[in-house]
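Because the structure is a prediction, the values reported are computed rather than measured. Convention: sequence-line order gives letters A, B, ...; per-chain numbering from 1.
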Amino acid sequence: MAQIVVGDVTIEVDEDGFIQEPEKWNVKVAQALAETEYVNELTEGHWRLVNYLREYYQKFGVAPMIRKLCKETGMKLAEIYELFPTGPAKGACKVAGLAKPTGCV
Amino acid sequence: MAVNVKPDQPEYYNHEQLTQIDYRPPAQAWESRPVTIRPGSFLHPAKPKGASSLGLPHPRQWSPMDEDWKLPADWKEIIITGMKERLEKYRSFKIFMDTCVRCGACADKCHFFIGSGDPRNMPVLRAELLRSIYRNDFTLTGRLLGTLAGGRELTVDVIKEWFAYFYQCTECRRCSVFCPFGIDTAEITMMARELLQLVGVSVNWIIEPAANCDRTGNHLGIQPHGMKDTLEFFADEIEELTGVRVNVPINKKGAEILFVTPSGDLLADPGTYTCMGYLALFHEIGLNYTWSTYASEGGNFGLFSSADLMKRLNAKIFAEARRLGVRWILGGECGHMWRVVHQYMDTMNGPADFLDVPVSPVTGTRFSHARSTKMVHIAEFTADLVKNGRLTLDASRNDRLRVTFHDSCNPARAMGLIEEPRAVLKSVCRNFFEMPEETIREKTLCCGGGAGLGAGENMEVRLRGGMARGLAVKHVRDAHGVNRLATICAIDRVTLTTVCDYWAPGVKVAGLHELVANALVMKGQKKRTHDFRHEPLDPES
Amino acid sequence: MDVPGLCLFFGVIVPSLAVVSFFGGFAWKAIGWARSPVPFHIPITCGQQRSLPWIRSNRLDNPHTPMGAALRVALAVLLFRPLLRNTMTEIYAGPKLTYAPSRWLWLFAVMFHWSMLVIVLRHLRLFVEPVPAWVLTLQRFDRFFEVGHPVIHASTVLFVLGLGLLLLRRLSSPQLRYISILNDYFPLFLLLGIGATGTLLRHYSNSDAAAIKEFVMGLVTLSPLAVSGIPALFYVHLFLVSVLLAYFPWSKLMHMPGVLMSPTLNLANNSRAVRHVNPWNPPVGVHSYAEYEDEFRGRMIEAGLPVDKL
């Protein structure tokens with residue numbers, strides 16, 4: 001399995017670059033992951049999304065639906081795409097250290 | 001925005017390249033032609049975590065791009081023994097191995113062949129991938145004459161070829177409609193996938209949802225409190241849109257009806273609007289029903305994996321109906337779910353003798369066609385409501401939509417659920433246009449992403465597989481200005497969104513009950529200004 | 001038993017072995033199929049199901065009773081009904097896809113199979129004494145056109161033509177050539193050979209029908225005789241037929257009984273009304289509600305969801 005190394009942390013990632021060991025996530029890991037999703041710098045907007053995703057994930061074990069993400073962060077979908085060009089499900093979730101959703105999605 | 005697109009994104013593929021399709025086969029015989037496995041064409045293998053949590057054999061880390069797939073040492077024996085066992089268990093398998101005459105009627109019926117021209121995607125050849133091994137190892141002529149009798153030795157390359165092509169089949173059964181003997185490629189693909197699974201070759205897009213479903217009750221891994229949170233969120237949205245607060249009964253013992261729908265509708269747009277549609281409808285007719293968090297999945301990715309796994313996941317629905325003490329079960333809009341419910345559930349997990357024959361509490365209609373399984377499709381249920389005039393509908397609210405209907409493979413070819421959704425649709429929208437006859441009803445074309453193929457990494461396969469459907473949508477878009485594709489399948493709602501964006505831009509996908517909810521006049525409602533997507537009903541105002 | 005060596009071999013031994021192979025193999029194969037159960041109820045449905053009383057169901061293509069399913073199979077067997085649906089998919093610039101009706105395969109198949117049936121029945125006149133009246137009637141109809149001397153049977157023409165066209169179709173389509181294997185060509189050539197030798201026997205050799213009948217009756221009654229006046233060509237014809245009979249059960253020609261036993265065609269679409277039983281329905285380990293609640297009880301209570309155990 002592929003790995004990424006951030007500082008002194010080595011984390012396993014899947015084929016799409018989603019981390020497989022969520023407990024190893026930290027701010028630096030987020031920054032490293034952001035680069036793989038064409039985000040060079042994590043701004044306040046990025047963090048608002050990432051923090052909400054993490055909070056939801058920690059509470060419910062899955063990613064929230066996109067509309068809830070928009071409503072709770074006060075961002076429009078288009079704005080999210082501006083921040084994460086690969087979209088909320090792929091880009092933002094990856095940076096937040098979530099697993100990739102599978103199934104009828 | 002300068003973003004390098006990758007093979008898992010539709011933008012990676014340009015139309016011109018994708019549509020340069022030559023249906024003439026290459027000169028080299030398929031038996032000796034190597035299989036190309038390249039990014040965009042295959043699904044990621046099952047991760048060891050999901051595979052082991054389900055107790056599947058040989059969980060391991062491997063990649064289809066590697067030369068060595070790390071098959072177990074006795075892989076060949078496992079496959080041959082597995083084939084023998086399945087030949088003894090399934091008459092269908094035996095007959096379909098023996099009777100094909102290679103007349104070729106099926107060849108150009110497969111959406112993957114239509115979109116790729118790859119000869120191995122002709123259903124007849126897809127079956128021959130397995131049949132050649134059958135002939136070699138299980139028939140007298142094959143044992144005596146080998147290749148002369150169409151036999152082929154089982155090698156690692158055959159396994160790789162099976163992986164590539166039995167995961168380029170969506171088990172849609174369109175080819176079977178045209179087969180003079182009813183040879184069902186879905187059945188053959190199911191056998192091949194079971195065999196592959198025996199040697200630890202399966203895909204993550206199927207195994208992870210199945211593992212989630214086993215543990216949390218649904219493919220997405222939504223936990224009970226999360227499901228409640230989601231449904232309450234929908235209730236908030238409905239209130240915002242209609243002024244009516246709907247109730248959200250969950251795990252309610254003694255409810256009359258258990259409602260089960262695919263979990264995709266709890267997470268992914270546009271399925272979420274359909275889910276809101278259910279809530280609004282059930283509230284309006286005062287249905288005494290309940291959601292279940294334990295049986296929170298109608299879909300069944302076991303169907304795409306193995307009969308045993310299908311049974312295991314499906315068992316929860318009857319078990320929960322019994323625990324909650326409901327009288328019958330209502331099922332939501334989902335394609336493959338209904339293949340399982342209609343053709344497997346009663347056999348696998350019945351008899352449901354603890355339930356009553358379904359009767360609509362609103363109209364009194366007895367659904368005697370479901371008298372044994374005791375599960376009714378929501379399109380049947382709603383069609384009955386509409387026919388009996390029990391809903392107040394304002395179809396003008398859908399006037400800005402010009403709608404066509406995509407028959408989902410399984411409801412069309414494993415049930416014949418064809419007129420019920422149309423009856424509902426025609427009562428809730430006034431601009432309805434059918435796609436060409438050869439692309440609907442039992443001849444409907446697959447979305448290209450069913451049977452566990454709806455992932456991102458196999459995007460090329462999905463776009464090619466969705467081309468035939470996409471072009472039929474484009475046809476009605478151009479001819480009638482169609483801008484909305486209605487469908488009764490959760491996979492469709494997601495995959496056809498990609499297909500339409502690519503092949504017929506401007507057409508959006510909706511579930512049937514989203515359109516019902518738009519038109520539904522609710523008691524105590526405020527004046528509606530927006531539809532269930534928060535889009536203004538009258539864009540002019 | 002007074003039959004010279006070669007005649008004994010081609011006239012008695014080979015046909016006998018072929019008949020044994022045919023009936024033995026046919027039964028072995030069909031019983032082999034029947035021994036595997038039909039675990040699941042998997043008809044392929046075309047057209048509307050039977051559900052609500054006001055929706056008209058398609059009783060031919062989506063039957064909901066066993067009788068309806070039998071009719072569906074009968075229509076598939078007798079009229080090759082699924083082939084009538086056939087279309088040809090083509091792609092044009094644009095891109096644009098077309099699905100034009102294509103019934104050539106249906107036509108060729110009907111020509112060949114039906115004429116073959118008539119020919120087989122006509123041959124009964126050589127096997128049965130006295131010849132049943134219906135066989136003679138069938139023969140009279142077959143000679144309706146009264147062309148040639150002796151009169152050419154319409155079935156002969158259709159048989160050879162049907163086979164030729166099926167072969168031509170297989171050879172002319174690149175896709176079909178690609179999927180064809182030896183098993184596909186062999187029976188076509190074999191049947192053409194049988195047709196050709198049969199036609200020659202009737203029209204170009206001065207064969208003595210009475211002598212042939214005497215010989216065949218000898219075979220049928222298991223007391224083979226040496227009969228004079230039988231041309232060598234007859235033995236060629238008989239040999240090819242023997243090869244066909246012997247080959248039949250071990251080949252794709254078993255599609256004949258296969259179509260009758262195909263569970264996608266011969267089951268009624270009534271699986272929600274009548275429970276289908278799987279004889280090997282295996283027990284599977286199901287993650288029970290109790291186990292589920294054990295894992296999530298705390299969160300369920302917190303969220304205000306009812307639980308079974310507090």
Is B:Ala423 in contact with chain C via its backbone, its side chain, both, or neither, using a 4.5 Å heavy-atom distance?
side chain
Under 4.5 Å from a heavy atom of chain C, the part of B:Glu187 involved:
side chain
State whether B:Glu380 and C:Arg272 are salt-bridged, where the test is any N-O pair (Lys NZ or Arg NE/NH1/NH2 against Asp/Glu carboxylate O) under 4.0 Å.
yes
Top contributor to chain B contacts, counting heavy-atom pairs under 4.5 Å, from C:Leu182, C:Asn86, C:Leu176:
C:Asn86
For B:Lys228 and C:Ala303, indicate whether the former's side chain and the latter's backbone hold a donor-acceptor pair under 3.5 Å.
yes
Give the minimum heavy-atom separation between C:Val286 and B:Lys316, together with the two atoms involved.
CG1-CG, 4.3 Å
Does the side-chain contact (heavy atoms from CB on, under 4.5 Å) test come out yes or no for C:Tyr99 and B:Ile114, once each step is laid out?
CA-CA 11 Å; C:Tyr99 310 88; B:Ile114 295 172; 4.3 Å; yes
Determine yes or no for a side-chain-to-main-chain donor-acceptor pair under 3.5 angstrom, with C:Lys96 supplying the side chain and B:Leu471 the backbone.
no
Less than 3.5 Å apart, any donor N or O on the side chain of B:Arg24 or C:Gln175 sitting next to an acceptor on the other?
no
Please determine, by modelled atom types, if B:His342 and C:Asn269 share a side-chain donor-acceptor pair under 3.5 angstrom.
yes
NZ/B:Lys94 to OG/C:Ser36 distance, rounded to the nearest 0.5 angstrom?
3.0 Å
Non-hydrogen atoms of chain C under 4.5 Å away: do they reach the side chain of B:Met415, the backbone, both or neither?
both
Among C:Val38, C:Asp184, C:Asn266, C:Ile55, which residue has the highest count of heavy-atom pairs closer than 4.5 Å to chain B?
C:Asp184
Looking only at non-hydrogen atoms, find the nearest pair between C:Tyr178 and B:Pro26 and report the distance.
CE1-O, 3.3 Å
Give a yes or no on whether a salt bridge exists between B:Asp98 and C:Lys29, defined as a side-chain N under 4.0 angstrom from a carboxylate O.
yes
Let me know if B:Val124 has heavy atoms under 4.5 Å from chain C in its side chain, its backbone, both or neither.
side chain
Under 3.5 Å, is there a donor on one side chain and an acceptor on the other for B:Thr293 and C:Tyr292?
yes
Which answer fits B:Leu313, side chain, backbone, both or neither, if we ask what part of it has an atom under 4.5 Å from a heavy atom of chain C?
neither
With a 4.5 angstrom heavy-atom cut-off, which part of B:Ser176 approaches chain C: side chain, backbone, both or neither?
both
Shortest non-hydrogen contact from C:Ile42 toward B:Arg173
O-NH2, 2.8 Å
Bottom line for B:Leu148: the part with an atom under 4.5 Å from chain C's heavy atoms is both
Would you mind checking which part of B:Arg441 comes under 4.5 Å of any heavy atom in chain C, side chain (CB onward), backbone (N, CA, C, O), both or neither?
neither
What closest approach, in Å, do B:Ser372 and C:Ala273 show between heavy atoms, and which atom pair accounts for it?
CB-O, 3.2 Å
How far apart are the closest heavy atoms of C:Ile179 and B:Arg102, and which atoms are they?
O-CD, 3.2 Å
Please check if the side chain of C:Gln49 supplies one atom and the backbone of B:Leu417 the other of a donor-acceptor pair under 3.5 Å.
no
Between B:Leu324 and chain C, with a heavy-atom cut-off of 4.5 Å, which part of the residue counts as in contact: side chain, backbone, both or neither?
neither
Test item: B:Lys311 and C:Asn281 side chains (from C-beta on) under 4.5 Å apart, heavy atoms
yes
Under a 4.5 Å heavy-atom cutoff, which of B:Glu128, B:His15, B:Lys109 has the most pairs with chain C?
B:Lys109
Most heavy-atom pairs under 4.5 angstrom with chain B, which of C:Met254, C:Lys252, C:His276?
C:Lys252
Roughly how far apart are C:Ile44 CD1 and B:Cys179 SG, rounded to 0.5 Å?
8.0 Å
Flag side-chain contact, heavy atom, 4.5 Å: B:Ile95 against C:His255
no
Which atoms of B:Phe113 approach chain C - backbone, side chain, both or neither, heavy atom under 4.5 Å
side chain
With distance as the sole test, does C:Ser51 use its side chain to make a donor-acceptor pair with the main-chain N or O of B:His369 at under 3.5 Å?
no
Which answer fits B:Thr439, side chain, backbone, both or neither, if we ask what part of it has an atom under 4.5 Å from a heavy atom of chain C?
side chain
Part of B:Cys100 lying under 4.5 Å from any heavy atom of chain C:
backbone
State, yes or no, whether a side-chain contact exists between B:Asn251 and C:Met300 at a heavy-atom distance under 4.5 Å.
yes
Counting only heavy atoms closer than 4.5 Å, note whether B:Met375 contacts chain C via side chain, backbone, both or neither.
backbone
NE2 of C:His41 to OG1 of B:Thr347: how many Å apart, nearest 0.5 Å?
8.0 Å
Does any part of the side chain of C:Ser251, heavy atoms only, come nearer than 4.5 Å to the side chain of B:Thr141, both counted from C-beta?
no
Relative to C:Trp280, does B:Lys89 satisfy both conditions: NZ or CZ under 6.0 angstrom from the six-membered ring centre, and within 45 degrees of the ring's axis?
yes
Between B:Thr19 and C:Pro95, what is the shortest heavy-atom contact and its length?
CG2-CG, 3.4 Å
Out of curiosity, C:Asn62 CG to B:Ile418 CD1, how far, rounded to the nearest 0.5 Å?
7.5 Å
Name the member of C:Asn58, C:Val259, C:Ile91, C:Leu166 that forms the most heavy-atom pairs with chain B at distances under 4.5 Å.
C:Ile91
I need the C:Trp250 CH2 to B:Leu144 CG distance, nearest 0.5 Å.
10.0 Å
Are the charged groups of B:Arg215 and C:Glu295 less than 4.0 angstrom apart, N to O?
yes
Give me the ring orientation class for B:Tyr294 and C:Tyr289: parallel if the planes are under 30° apart, tilted from 30 to 60°, perpendicular past 60°.
perpendicular
Using the rule given for side-chain hydrogen bond (donor to acceptor under 3.5 Å, both in side chains), can you reason through B:Glu420 versus C:Gln48, listing the C-alpha separation, both sets of side-chain angles and the distance that settles it, and then say yes or no?
CA-CA 9 Å; B:Glu420 295 88 341; C:Gln48 174 61 34; 3.0 Å; yes
Do B:Pro224 and C:Phe296 make a side-chain contact, defined as non-hydrogen atoms from C-beta onward lying under 4.5 Å apart?
yes
With a 4.5 angstrom heavy-atom cut-off, which part of B:Leu140 approaches chain C: side chain, backbone, both or neither?
side chain
Report the option among C:Leu83, C:Leu267, C:Asn278, C:Asp61 that has the most heavy-atom pairs separated by less than 4.5 Å from atoms of chain B.
C:Leu83
Charged N to carboxylate O below 4.0 Å: is that the case for B:Lys253 and C:Asp308?
yes
Please answer whether the main-chain N or O of C:Pro263 pairs with a side-chain N or O of B:Ser92 as donor and acceptor at a distance below 3.5 Å.
no
At what distance, to the nearest 0.5 angstrom, does NZ of B:Lys387 lie from CH2 of C:Trp54?
6.0 Å
Centre of B:Phe178's six-membered ring, under 6.0 Å away, within 45 degrees of the axis: is that where NZ or CZ of C:Arg85 sits?
no
Who among C:Ala76, C:Gly304, C:Gly47, C:Pro101 has the most heavy-atom pairs with chain B under 4.5 Å?
C:Gly47
Keeping the roles fixed (side chain from B:Arg91, backbone from C:Trp33), state whether a donor-acceptor pair exists under 3.5 Å.
yes
Quick check: does any side chain N or O of C:Arg275 sit under 3.5 Å from a backbone N or O of B:Asp346, one acting as donor and the other as acceptor?
yes
Do side-chain atoms of B:Thr99 reach the backbone of C:Gly258 as a donor and acceptor pair under 3.5 angstrom?
no
